[in-house]
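Sequence positions, counted from 1, serve as the residue numbers for this chain. As the structure is a prediction and not an experimental result, all values here were calculated from the model.
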Amino acid sequence: MTEQKTLSLPPYKRGYHLITSRIEAELPALPRTGMLNIFIQHTSAALSLNENADPTVREDFETIMNRLVPENQPDYRHTLEGADDMPAHVKASLLGPSLTIPIRDGRLALGTWQGIYLCEFRNHGGARRLVLTVYS
C-alpha cells in the first residue's frame with residue numbers, strides 16, 4: 001500500500017525549523033510497519049534529521065553552513081536573485097531534498113532526540129511544498 005499527500009508550508013524565516021509535529025499531524029493513520037519518505041519540492045531549502053531539544057543546535061547549523069558556503073563570493077555567477085541565492089542552492093544540495101524514516105508500531109521510529117528540520121536557506125524563500133509518501 002502507498003499513500004501520498006502534498007503538504008504546503010507557510011514561508012519560514014531563514015534558519016532551521018523543527019517541523020516534526022506538523023508532518024505527524026498531516027499523516028494518515030500509519031501502518032504497523034513501513035517507511036515515510038518526505039521530499040521537498042524546492043532547490044534552495046532542504047530537509048534534515050537532527051537534535052530536537054536544544055535550539056542552539058539549529059543556531060549553530062546556521063553559523064556552520066554560512067561559514068562553509070558564504071554569500072557574496074566573487075566567483076558566483078548565479079546571482080540574479082540576490083546574494084543568498086547561489087549559496088542556498090549549494091546548501092540544499094549538501095543536505096538534500098528528502099528523508100526516509102522507518103515506521104514501527106504505527107509511529108515514526110525517530111530516536112529520542114531526533115526531529116525533522118525544514119532548512120530554509122533564503123532570506124525570503126516563500127511557501128514550501130513537501131510530498132509525504134507512506135509505504136507499507
Side-chain angles (χ1 to χ4, degrees):
M1 175 187 95
T2 303
E3 290 189 52
Q4 191 171 80
K5 178 178 186 172
T6 300
L7 171 59
S8 295
L9 297 173
Y12 283 85
K13 67 178 185 171
R14 182 171 171 159
Y16 295 75
H17 307 278
L18 275 173
I19 60 169
T20 311
S21 60
R22 179 72 196 265
I23 288 172
E24 288 175 328
E26 296 292 330
L27 291 173
L30 294 176
R32 182 158 171 73
T33 61
M35 300 296 277
L36 169 66
N37 180 267
I38 309 165
F39 177 79
I40 189 165
Q41 294 182 302
H42 302 277
T43 61
S44 57
L47 298 170
S48 184
L49 190 66
N50 218 294
E51 167 75 45
N52 70 355
D54 185 348
T56 62
V57 171
R58 297 188 299 275
E59 295 168 12
D60 289 345
F61 259 100
E62 178 73 10
T63 299
I64 291 165
M65 290 299 276
N66 288 336
R67 285 186 184 154
L68 287 173
V69 188
E71 295 180 7
N72 298 308
Q73 294 298 299
D75 294 337
Y76 295 160
R77 296 186 308 178
H78 181 73
T79 59
L80 290 175
E81 295 182 43
D84 64 339
D85 190 25
M86 190 60 221
H89 293 306
V90 173
K91 292 171 187 178
S93 287
L94 288 173
L95 290 184
S98 67
L99 297 172
T100 301
I101 301 169
I103 298 167
R104 183 178 55 221
D105 297 325
R107 299 181 53 168
L108 298 182
L110 294 170
T112 302
W113 305 111
Q114 288 182 318
I116 301 165
Y117 289 5
L118 169 69
C119 310
E120 178 56 69
F121 303 122
R122 298 299 306 270
N123 292 323
H124 306 286
R128 301 298 189 182
R129 286 181 319 279
L130 304 178
V131 178
L132 310 175
T133 308
V134 175
Y135 301 94
S136 63

*Verify side-chain contact (heavy atoms from CB on, under 4.5 Å) between L132 and E26, making sure each step is shown before the conclusion.*
CA-CA 9 Å; L132 310 175; E26 296 292 330; 4.2 Å; yes
*For the residue pair N66 and F61, establish whether any side-chain heavy-atom pair is separated by less than 4.5 Å.*
no
_Looking at every heavy atom in both C119 and S48, which two are closest together, and how far apart are they?_
SG-CB, 3.8 Å
*Indicate, with yes or no, if L110 and Y135 share a hydrophobic cluster defined by side-chain heavy-atom contacts under 4.5 Å among Ile, Leu, Val, Met, Phe, Trp and Tyr.*
no
*Shared ILVMFWY cluster between L36 and L30, side chains joined below 4.5 angstrom?*
yes
*asked:* Please check: side-chain N/O of H78 versus main-chain N/O of D85, any donor-acceptor pairing under 3.5 Å?
replied: no
*Could you tell me whether the side chain of N52 and the main chain of Q114 form a donor-acceptor pair under 3.5 Å?*
yes
*Can T100 and N37 be counted as having a side-chain donor-acceptor contact under 3.5 angstrom?*
yes
*Backbone N/O of Y76 and side chain of Q73: donor-acceptor pair under 3.5 Å*: no
*Side-chain contact, heavy-atom cut-off 4.5 Å: L130 with F39?*
no
*Taking C-beta and beyond as the side chain, do E24 and L108 meet within less than 4.5 Å on heavy atoms?*
yes
*Minimum side-chain heavy-atom gap R14-E62 below 4.5 Å*: yes
*Evaluate side-chain contact (heavy atoms from CB on, under 4.5 Å) for D84 paired with H124, printing each intermediate quantity in order.*
CA-CA 9 Å; D84 64 339; H124 306 286; over 6 Å; no
_For R67 against P70, the heavy-atom pair lying closest together_ = O-CD, 3.8 Å
*asked:* Is there a continuous path of hydrophobic side-chain contacts, each under 4.5 Å between heavy atoms, that joins M35 to L47?
replied: no
*Would a 4.5 Å heavy-atom cut-off, applied to side chains only, mark E3 and T133 as touching?*
no
*Taking a hydrophobic cluster as the set of Ile, Leu, Val, Met, Phe, Trp and Tyr residues connected by side-chain heavy atoms closer than 4.5 Å, whether directly or through intermediates, do F121 and M86 fall within one such cluster?*
yes
*Quick one: does T20's side chain have a donor or acceptor within less than 3.5 Å of a partner on I116's backbone?*
yes
*Do V134 and I38 share a hydrophobic cluster (ILVMFWY, side-chain heavy atoms under 4.5 Å, transitive)?*
yes
*Answer whether the closest heavy-atom distance between the side chains of I103 and R32 falls below 4.5 Å.*
no
*Cationic N near anionic O, under 4.0 Å, R58 to E51*: no
*Y117 vs L49, side-chain contact (heavy atoms from CB on, under 4.5 Å): CA-CA, chis, key distance, verdict*: CA-CA 6 Å; Y117 289 5; L49 190 66; over 6 Å; no
_Show, in sequence, the C-alpha distance, side-chain angles and deciding distance for L7 and R129, and conclude whether the side-chain contact (heavy atoms from CB on, under 4.5 Å) test is met._
CA-CA 6 Å; L7 171 59; R129 286 181 319 279; over 6 Å; no
*Name the orientation class of the two ring planes belonging to Y12 and H17 (parallel below 30°, tilted from 30 to 60°, perpendicular beyond 60°).*
tilted
*Under the 3.5 angstrom rule, does the side chain of H89 hit a backbone N or O of T43 as a donor-acceptor pair?*
yes
*Are more than 12 heavy atoms from other residues, nucleotides or ligands located less than 6.0 Å from atom CZ of R104?*
no
*Short question: side chain of E59, backbone of T56 - any donor-acceptor pair under 3.5 Å?*
no
